[in-house]
Protein chains: 2
Amino acid sequence: MHIGELARRTGASTRSLRYYEQRGLLCARRDPNGYRSYDAESVETVARIRELLATGLNTDTIRALLPCAQGGPGLTPCAFSSGVVEQQMAQLDAEIAQLRERRAALGAYAEIMRERRVQDRALAAMALRSA
Amino acid sequence: MHIGELARRTGASTRSLRYYEQRGLLCARRDPNGYRSYDAESVETVARIRELLATGLNTDTIRALLPCAQGGPGLTPCAFSSGVVEQQMAQLDAEIAQLRERRAALGAYAEIMRERRVQDRALAAMALRSA
DNA sequence: TTGCAGCCTGACACCGGTGTGAAGGTCAAG
DNA sequence: CTTGACCTTCACACCGGTGTCAGGCTGCAA
């Protein structure tokens, strides 16, 4: 299977597939003409790479994780990889907390603006009455 | 006040202050020698810019928001700016939801790995016993 | 006059996955 | 042989606030 077909089967662009190879996530044999040649398992591997990318892991982390996560639905586990995953989960928790803080800070701004608007309306009404 | 002193007073780097100016968030008069010259209000303005940056707003949004948010502790509100803020809050909500999804997906991976590990241990124990 | 601190502009680097384009080789079908 | 699809590598662009460096001007003090 050449790169175009793998792209079609996985939904990844050829650009992405070459990038995965460059980052050491995916390997390909080469035909005598230099074309990349993939076996059927590669479809599975790419699917797994993209799952992990979608969770926010970067390619470095996935490279460490992939030897354990490969092998289709039966993940071969190792203590190291689960540590990586749990570390990433902790980081996601931290990011979520940070976003919540930002949201709260913005909420305070919105609240202040709402109050000001009410006060302004009241002031405007008073001005009208006194005029 | 020159840029160095403003930097000292606000905690922003001179690089950042020049960047804020370049993005239209902060304006400075120029001394005859070309040096930027700031008035006392700029300290307040920079503080406000950095508050908003810290909430995750980008400089484009802040530029739209700043004319309303300026003026010290009394924010001058306008319907437009509150719309911007609420839009940003909605986006933060969406990002939080997305991070939660990622976390859940990773959690599923971690769970699979934990189960496999238990099974592996059981298999190893059986192998030991039969040997 | 020398030295140093402070200012100026302009530009590259970062991160990280992907889009895009150039310039060129390969191969099968007409 | 030509056409067109498909492949190769190399490289720039994106986002966005900031660090940092280069090369040069200003201004104050010794």
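Quick caveat: nothing in here was measured; it's all calculated off a predicted structure. Protein chains get the first letters and strands the later ones, always in sequence-line order, with residue 1 at the start of each.
Nearest heavy-atom pair across B:R18 and B:I3 is CG-CD1, 3.5 Å. Scanning both residues, B:M1 and B:D39, for their nearest heavy atoms gives CE-O, 3.5 Å.
In this structure, the side chain of B:S13 engages the main chain of B:S16 through a donor-acceptor pair within 3.5 Å. A donor-acceptor pair is defined here as one N or O able to donate and one able to accept, closer than 3.5 Å; no such pair exists between the side chain of A:S42 and the backbone of A:Y38. The closest donor-acceptor contact from the side chain of A:D31 to the backbone of A:N33 lies at 3.5 Å or more, if one exists at all.
By the 4.0 Å N-to-carboxylate-O rule, B:E21 lies close enough to B:R30 to be salt-bridged with it.
By the side chain to side chain donor-acceptor pair (under 3.5 Å) test, B:T14 pairs with no residue at all, sequence neighbours left out.
Each end of the helix from C:dT1-D:dA30 to C:dG30-D:dC1 gets its own rotation axis from five pairs of C1' atoms, and the angle between them is 50° to the nearest 10 degrees.
Between the side chains of B:Y35 and B:R29, no donor-acceptor pair is found at a separation under 3.5 Å.
The residue among A:G4 and A:R15 whose nearest nucleotide of DNA chain D is located toward the 5' end is A:G4.
To the nearest 0.5 Å, the span separating CD1 on A:I96 from CZ on B:R102 amounts to 10.0 Å.
C:dA11 atom C1' lies 12 Å from atom CD of B:Q22, rounded to whole Å. Rounded to whole angstrom, the span from the CD1 atom of A:I3 across to the C1' atom of C:dT26 amounts to 15 Å. Distance A:Y35 OH to C:dC27 C1': 6 Å, rounded to the nearest Å.
Using a 4.0 Å heavy-atom distance criterion, B:R30 is classed as a sugar-phosphate-only contact. Residue contacts shown for A:T59 are limited to sugar-phosphate atoms, with no base heavy atom under 4.0 Å away.
Contact annotation: A:N33 side-chain N/O to C:dC27 OP1/OP2 distance is under 4.0 Å. Here B:R36 reaches the OP1 or OP2 of C:dC8: one of its side-chain N or O atoms lies under 4.0 Å away.
The base of C:dG19 lies outside donor-acceptor range of the side chain of A:Y19, with no N or O pair under 3.5 Å. Judged by atom type and distance alone, B:R18 does not reach the base of C:dT9 through any side-chain donor-acceptor pair under 3.5 Å.
Interface limits on DNA chain D: the 5'-most and 3'-most nucleotides within less than 4.0 Å of chain B heavy atoms are D:dG16 to D:dG27.
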